[in-house]
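As structure tokens, the structure follows; a few thoughts come after it.
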Amino acid sequence: MPIDATLPYDPDNIFARILRGEIPSKRVYEDAHAIAFHDINPQAPHHILVIPRGPYVSWDDFSANASEAEIAGFVRAVGAVAREAGFVEPGYRLLANTGMDSGQEVPHLHVHIFAGARLGPMLAR
Ligand code: AMP
């Protein structure tokens, strides 16, 4: 079910539980500001999710309320994950669903990284 990105942060959402290590994930990266792990239902040959450590519901919440250090750290982490995975030269795509119309399902900001094939048109039609 898509979520309303204006709701308050739910500390028991599934990505908060992954951050706390309460449920398993295939973690590929972590630093002071972010962690990254494989999406459980990949939509491309490579599909990684990057999430900030801070409690932000969505891109809207994060861009409005996170500190400069959190924003810089998260953006750098997304780049580092893609670089370390070898995605830069063949190319990759970033996606951050935000709110109902986007279909966002998990109410903790996550950036999807897709790679490993020609990814086709930006949106399904
Ligand atoms: P979104 O629709 O943008 O909110 O994306 C949520 C993503 O989280 C989907 O691609 C799911 O496959 C993924 N997902 C849900 N639960 C897990 C989990 N436990 N571990 C890894 N990825 C998950």
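Just follow the structure's listing: the first ligand is 1, and inside any ligand the first atom is 1. Hydrogens, waters and symmetry mates are skipped; everything else that's a heavy atom, side chains included, is used.
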key: Atom indices of ligand 1 within 4.0 angstrom of Ile14 heavy atoms, with elements   = 19 (N)
message = Please list the nearest protein heavy atom to atom 8 (O) of ligand 1 with its residue and the distance rounded to 0.1 Å.
response = Phe15 CZ, 3.4 Å
key: Identity and distance of the protein heavy atom lying nearest atom 1 (P) of ligand 1   = His110 NE2, 3.1 Å
Atoms of ligand 1 close to Asn41 [distance to a heavy atom under 4.0 angstrom, numbered from 1] = 12 (O)
task = State whether the number of non-hydrogen atoms from other residues, nucleotides or ligands found under 6.0 Å of Glu22 atom CD is greater than 12.
result = yes
request  = Could you walk me through whether Arg53 and Glu70 pass the salt bridge (Lys or Arg N to Asp or Glu O under 4.0 Å) test, one step at a time?
outcome  = CA-CA 9 Å; Arg53 288 190 184 273; Glu70 287 175 304; over 6 Å; no
message = Under a 3.5 Å cutoff, is there a donor and acceptor pairing between the side chains of His47 and His112?
response = yes
ask   = What protein heavy atom sits nearest atom 9 (C) of ligand 1, and how far away is it?
value = Asp39 OD2, 3.4 Å
ask   = Just which atoms of ligand 1 are under 4.0 Å from any heavy atom in Gly103?
value = 2 (O)
key: Leu95 contact mode with ligand 1 (heavy-atom cut-off under 4.0 Å)   = neither
ask   = So, is Phe37 polar-close to ligand 1, with some N/O to N/O distance under 3.5 Å?
value = no
message = How far is atom 17 (C) of ligand 1 from the closest protein heavy atom, and which atom is that?
response = Ile40 CG2, 3.7 Å
inquiry  = When you compare the side chains of Tyr92 and His46, does any donor N or O come within less than 3.5 Å of an acceptor on the partner?
reply    = no
key: His112 heavy atom under 4.0 Å from ligand 1   = yes
query = Side chains of Ser58 and Asp60: is there a donor and an acceptor less than 3.5 Å apart?
reply = no
key: Part of Ile23 within contact of ligand 1 (heavy atoms, under 4.0 Å)   = neither
Atoms of ligand 1, numbered as shown, that sit under 4.0 Å from any heavy atom of Val106 = 4 (O), 6 (C)
query = What about Asn97: any of its N or O atoms under 3.5 Å from an N or O on ligand 1?
reply = yes
key: Proximal atoms of ligand 1 relative to Gln104 (non-hydrogen, under 4.0 Å)   = 4 (O)
query = Can you say whether the rings of Phe74 and Trp59 are parallel (under 30°), tilted (30 to 60°) or perpendicular (over 60°)?
reply = tilted
key: Those atoms of ligand 1 less than 4.0 Å from some heavy atom in Glu105   = 1 (P), 2 (O), 4 (O)
message = Check Asp39 with Lys26, please: is the shortest side-chain N to carboxylate O separation under 4.0 Å?
response = no
ask   = Does His47, backbone or side chain, put an N or O under 3.5 Å from an N or O of ligand 1?
value = no
remark   = So the atoms of ligand 1 within less than 4.0 Å of a heavy atom of His38 turn out to be 21 (C)
